[in-house]
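Quick note: residue numbers are just sequence positions, from 1. Model, not experiment: these values are computed from the prediction.
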Amino acid sequence: LLDDIVLTHSLFLPTERFLQQLHQQYPGGPRGATRGSGLRRKRAVLAVLLHFLETYKGLLQEEESAGKVVKELYLLIMKDTSLYHELEDEIIKLHQLVETVELKVADETPPPNKQVKPLFRHFRRIDSCLQTRVAFRGSDEIFCRVYMPDHSYVTIRSRLSASVQDILASVTEKLQYSEEQSTRGDALILVTMASSGGARGAGGAAGGAGGPAGADPTLCPSAEKAVLQPSEECVFTTLGINSHLFACTRDTFDSLVPLPEEIQVVPGDTEIHRAEPEDVANHLTAFHWELFRCIHELEFVDYVFHGERGRRETANLELLLQRCSEVQHWVGTELLLCEGLGKRAHLLKKLIKIAAICKQNQDMLSFYAIVIGLNNAAVSRLRLTWEKLPGKFKNLFRKFENLTDPCRNHKTYREVLAKMKPPLIPFVPLILKDLTFLHEGSKTLLDGLVNVEKLHCIAEKVRTVRKYRSRPLCLELEASPAQLQTKAYVRQLRVIDNQNLLFELSYKLEPGSQ
């Protein structure tokens with residue numbers, strides 16, 4: 001019950017108010033209890049506070065007001081260390097937790113400067129992509145490029161949770177945009193521009209190599225663009241796979257076009273043709289485990305329920321969901337850019353092998369994404385390619401299709417998952433679907449009372465995530481140059497995410513296939 005409340009209290013009570021209520025229940029606080037019941041009450045408050053800190057950890061750094069209440073309660077409790085020797089163990093543990101979450105108590109000097117991170121997908125640096133992923137927090141400072149209508153750009157340093165207004169202020173400062181211009185009708189607006197299909201590396205804007213200048217103009221997709229409102233926050237992690245930020249005036253909005261390298265599609269060999277299936281699968285699993293481990297379990301609750309309670313940062317979860325979509329499109333991209341029939345059939349066989357090894361690794365996210373990618377209509381219509389696939393692999397793929405069949409609420413997949421022991425990477429979109437069903441299927445408050453059964457069901461689903469990550473992943477990966485090349489390739493996939501463009505490529509390869 002305690003875990004249920006700590007995980008889900010924010011659905012009916014903001015975290016700051018939850019902690020204030022806890023503070024008030026502590027004897028010696030604003031509404032202290034009598035001396036007789038003091039020890040029992042203090043022990044109860046301590047138990048809740050300890051569990052809260054163990055669950056929230058670094059997230060408290062993002063909630064300044066809540067952190068302030070924790071500090072006050074902590075100082076109040078620390079005054080009792082000499083009075084209640086029975087609480088010594090709990091107080092020692094509390095002191096350690098407060099230090100762990102970096103809540104400054106006595107010394108309010110500012111923390112040392114944090115390392116500024118390149119945002120996932122929007123910088124293409126080999127040294128950066130080879131590093132172990134660490135969790136993003138809203139207060140983290142990142143580098144990101146913002147483009148102009150002429151495709152020049154400024155690199156800004158910003159908080160991950162920055163609002164559109166903050167981002168435009170940084171861009172304006174970089175451009176030395178005058179106040180006179182901003183008060184006239186030519187003030188800057190922030191636009192998301194999606195090329196809708198450019199075959200770019202996942203590193204995106206900073207230095208990825210595009211195709212040659214003579215790319216086929218018939219393969220250039222139309223751009224999708226949208227103006228962001230000044231009050232919108234956390235826009236960096238909601239950008240699409242091939243999307244970028246543009247700053248322009250309203251007069252130049254209609255003339256915006258995607259970056260040239262975003263719309264060039266050039267068939268040719270990539271690392272997937274040279275690497276062994278085992279190596280690709282293992283590096284997929286290792287990378288997705290890093291991303292999965294970065295997600296705080298409370299992000300699952302915040303992602304589904306943020307509409308009720310106001311937005312909170314769910315950057316790490318959003319990045320994993322985008323990666324899942326990226327892997328799906330990567331499968332189609334690689335197959336449809338492979339022009340030779342025999343070579344394409346061999347690649348199809350290799351991708352099925354990779355899916356099988358991911359399943360063996362208990363990386364169901366990669367497994368699911370690859371199967372969905374192979375079931376893309378632009379791929380499944382390639383009759384000649386599928387006919388050249390050996391019978392053994394056709395049968396194997398049919399089994400994979402049965403496993404990912406959504407019939408009876410994904411019954412087959414759930415049965416397989418239930419037999420797996422941690423560590424494992426689940427198909428995360430299905431967890432969010434389950435949470436959404438729980439949310440929409442029942443009310444949080446019934447006749448003014450909290451629906452404890454709903455909170456328990458939500459917390460149980462979150463606890464499954466905790467269980468999946470309860471043991472470390474152990475994959476033996478070599479550090480040879482060839483392995484590092486495969487690792488870099490897997491972490492910076494080039495993808496076409498425009499279905500029309502995928503169909504164009506498909507019909508060019510096999511015009512008569514159904």
Side-chain angles (χ1 to χ4, degrees), residues 1-33 41-42 44-79 90 93-95 97-108 110-111 135-140 159-163 166 231-234 296-317 439 444-445 448-452 454-455 458-459 462:
L1 178 62
L2 175 57
D3 196 44
D4 290 353
I5 296 299
V6 169
L7 286 173
T8 62
H9 71 269
S10 55
L11 272 65
F12 61 90
L13 191 67
T15 298
E16 182 183 0
R17 284 186 57 199
F18 172 80
L19 290 167
Q20 287 171 346
Q21 294 276 350
L22 192 63
H23 191 298
Q24 290 171 2
Q25 294 301 316
Y26 191 81
R31 298 178 186 174
R41 178 68 63 85
K42 291 184 179 195
V45 171
L46 258 174
V48 177
L49 182 60
L50 286 170
H51 196 84
F52 176 87
L53 289 172
E54 285 178 328
T55 303
Y56 268 69
K57 294 179 182 172
L59 288 187
L60 275 178
Q61 297 171 40
E62 309 304 314
E63 300 193 26
E64 187 176 342
S65 55
K68 186 177 179 182
V69 179
V70 171
K71 292 176 191 177
E72 292 173 358
L73 184 53
Y74 168 76
L75 290 172
L76 189 62
I77 292 170
M78 292 305 288
K79 289 178 182 177
E90 290 99 323
K93 189 175 181 183
L94 174 64
H95 183 69
L97 277 171
V98 168
E99 285 189 336
T100 300
V101 299
E102 296 178 8
L103 287 175
K104 289 194 170 292
V105 178
D107 179 14
E108 292 293 343
F136 277 110
R137 294 285 175 251
S139 61
D140 283 348
R159 287 178 297 107
L160 188 63
S161 60
S163 67
D166 294 335
S231 59
E232 288 187 54
E233 296 181 343
C234 306
H296 195 288
E297 56 192 30
L298 288 166
E299 290 189 45
F300 288 91
V301 179
D302 291 339
Y303 187 87
V304 174
F305 299 95
H306 74 269
E308 286 187 354
R309 311 165 20 248
R311 174 132 181 122
R312 283 168 70 172
E313 292 87 0
T314 54
N316 302 290
L317 178 55
H439 175 38
T444 304
L445 298 174
L449 299 175
V450 175
N451 185 351
V452 177
K454 175 179 178 177
L455 301 190
I458 292 166
V462 175

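- A donor-acceptor contact shorter than 3.5 Å is absent between the side chain of K42 and the backbone of Y26.
- Rounding to the nearest 0.5 Å places CG of L298 at 8.0 Å from OG1 of T15.
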Using the side-chain contact (heavy atoms from CB on, under 4.5 Å) rule, take D4 and V452 through it: C-alpha gap first, then chi angles, then the decisive distance, then the call. CA-CA 9 Å; D4 290 353; V452 177; 5.6 Å; no

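- Within the 4.5 Å cutoff, the side chain of I77 has heavy atoms near those of the L49 side chain.
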Does V98 form a side-chain contact (heavy atoms from CB on, under 4.5 Å) with H95? I'd like the steps, not just the answer. CA-CA 5 Å; V98 168; H95 183 69; 5.8 Å; no

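- Looking at residues two or more places apart in sequence or on another chain, you find a salt bridge (Lys or Arg N to Asp or Glu O under 4.0 Å) between K93 and E54.
- You'll find the side chain of V45 stays beyond 4.5 Å of the side chain of H23, heavy atoms only.
- A distance of 10.5 Å separates CG of L11 from CG of N451, quoted to the nearest 0.5 Å.
- The structure places CG of L160 at 11.0 Å from CD of E233, a figure rounded to the nearest 0.5 Å.
- The nearest pair of heavy atoms linking R159 to D166 is NH2-OD2, 3.1 Å.
- Between the side chain of E299 and the backbone N or O of L317 there is at least one donor-acceptor pair closer than 3.5 Å.
- The aromatic rings of F18 and H9 sit parallel to each other, their planes meeting at less than 30°, with 60° as the upper class boundary.
- In this structure, a donor-acceptor pair under 3.5 Å is present between the side chains of H51 and D3.
- A donor-acceptor contact shorter than 3.5 Å links the side chain of H296 to the backbone of T55.
- Between L60 and V70, the closest side-chain pair of non-hydrogen atoms falls below 4.5 Å.
- From Q21, atom CD reaches atom CG of L19 across 10.5 Å, with rounding to the nearest 0.5 Å.
- Between the CG atom in L7 and the CZ atom in F52 there is a gap of 11.0 Å [rounded to 0.5 Å].
- No side-chain heavy atom of L97 sits less than 4.5 Å from a side-chain heavy atom of K57.
- For the pair L445 and V450, the minimum side-chain heavy-atom distance is below 4.5 Å.
- Contact annotation: the side chain of T8 never approaches that of V462 to less than 4.5 Å [non-hydrogen atoms, C-beta and beyond].
- Listed by chain and residue number, R466 satisfy the side chain to side chain donor-acceptor pair (under 3.5 Å) test with E297 (two or more places apart in sequence, or in another chain).
- Minimum interatomic distance between S231 and S163 (heavy atoms only, all atoms of both residues): O-CB, 4.5 Å.
- Considering only residues two or more places apart in sequence or on other chains, E72 meets the side chain to side chain donor-acceptor pair (under 3.5 Å) condition with none of them.
- When all heavy atoms are compared, the tightest approach of F12 to L455 is CE2-CD1, 3.4 Å.
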